[in-house]
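Okay, structure first, notes after.
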Amino acid sequence: ASNRAVKIILAYMRYILDNKDEISLVEASYLYFLEKNNIDNSFEFNRKAMVDTFLSDLCPDDNLYEKQSFEIVEIMVNRLHLNENEKNVPFLIAFRNVVHDFSERSTDLQAFMDYWDERGFNETLKIPESQNAIRIITIHKSKGLESDYIFIPFCNWEFVGGGFGS
């Protein structure tokens, strides 16, 4: 989970599981502060104000402690407007899919967090082949594939004879 929006959700889920875990609450609040203000990092912030803003924007009045993992994700994404930043959307969709798939086996938040800590964090974005994007693959995997353009970073090979146009 390298995406900030997903990290916010995960940190708050940890806090839901243990409301004495101030570190997770502050982590979620700080990441939300950065996300909301569209900055990469900040060393100047008021911890109490940051946590208060996070909790007031989240409006946890309906007791998220009683919700299932997929409900928590939906509520947090909507209330914190995490999907308004286009960079977050593919990560949130992938994360929602992981949560949904896991919820078919268990709706227990602790079980989901255990799963995430063991295996879920390795999940990657699955981009369809038809997606107009740059594919990064090894030379071995590229064998037999055709592309209009190929970039080989740090290439210092000598090209000898042959080739097109010779």
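Quick note: residue numbers are just sequence positions, from 1.
- Under a 3.5 Å cut-off, the side chain of S106 and the backbone N or O of S103 do not form any donor-acceptor pair.
- Among all heavy-atom pairs drawn from M50 and S29, the shortest one is CG-O, 3.6 Å.
- Through ILVMFWY side-chain contacts below 4.5 Å, I23 is grouped with nothing and stands alone.
- For the side-chain hydrogen bond (donor to acceptor under 3.5 Å, both in side chains) test, no residue two or more places apart in sequence or in another chain qualifies with D101.
- Here the side chains of L25 and L55 are in contact, with some heavy-atom distance below 4.5 Å.
- At least one side-chain heavy atom of L10 sits under 4.5 Å from a side-chain heavy atom of M113.
- When the shell of 6.0 Å around CG of N38 is examined, it contains 12 or fewer heavy atoms from other residues, nucleotides or ligands.
- For D40, the side chain to side chain contact (heavy atoms under 4.5 Å, CB included) test picks out R4, with sequence neighbours left out.
- Residues S24 and A11 share a closest heavy-atom pair of CB-O, 3.3 Å.
- For the pair I8/F54, a side-chain contact is recorded, criterion being any heavy-atom separation below 4.5 Å from C-beta on.
- Residues satisfying the side chain to side chain contact (heavy atoms under 4.5 Å, CB included) criterion with N41, sequence neighbours excluded, are Y30, F43.
- Shown here are the ring pair (Phe, Tyr, Trp, His ring centres under 6.0 Å) partners of F33, two or more places apart in sequence or in another chain: there are none.
- In terms of the side-chain hydrogen bond (donor to acceptor under 3.5 Å, both in side chains) criterion, residue partners of Q110 (sequence neighbours excluded) are, by chain and number, D114.
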Review item, side-chain donor-acceptor pairs of residues 85-95, under 3.5 Å, at least two apart:
from	atom 1	to	atom 2	distance (Å)
N85	OD1	K87	N	3.0
N85	ND2	E35	OE2	3.1
N88	OD1	N3	ND2	3.0
N88	ND2	E35	OE2	2.8
N88	ND2	L82	O	2.9

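- Residues meeting the ring pair (Phe, Tyr, Trp, His ring centres under 6.0 Å) test with F102, sequence neighbours left out: F112, Y115.
- Between E104 and H100 the shortest heavy-atom distance is OE2-CE1, 3.1 Å.
- With salt bridges taken as basic N to acidic carboxylate O contacts below 4.0 Å, one links R96 and E74.
- With sequence neighbours left out, D21 forms a salt bridge (charged side-chain N to carboxylate O under 4.0 Å, His left out) with no residue at all.
- For H81, the side-chain hydrogen bond (donor to acceptor under 3.5 Å, both in side chains) partners at least two apart in sequence or on another chain are E84.
- Listed by chain and residue number, D52 satisfy the side-chain hydrogen bond (donor to acceptor under 3.5 Å, both in side chains) test with K48 (two or more places apart in sequence, or in another chain).
- Side-chain contact between L109 and K67 is absent, with no heavy atoms from C-beta onward closer than 4.5 Å.
- E22 is linked by a salt bridge (charged side-chain N to carboxylate O under 4.0 Å, His left out) to R47, counting only residues two or more places apart in sequence or in another chain.
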Show the numbers, then the answer: is there a side-chain contact (heavy atoms from CB on, under 4.5 Å) between T53 and K36?
CA-CA 10 Å; T53 299; K36 186 174 182 178; 3.7 Å; yes
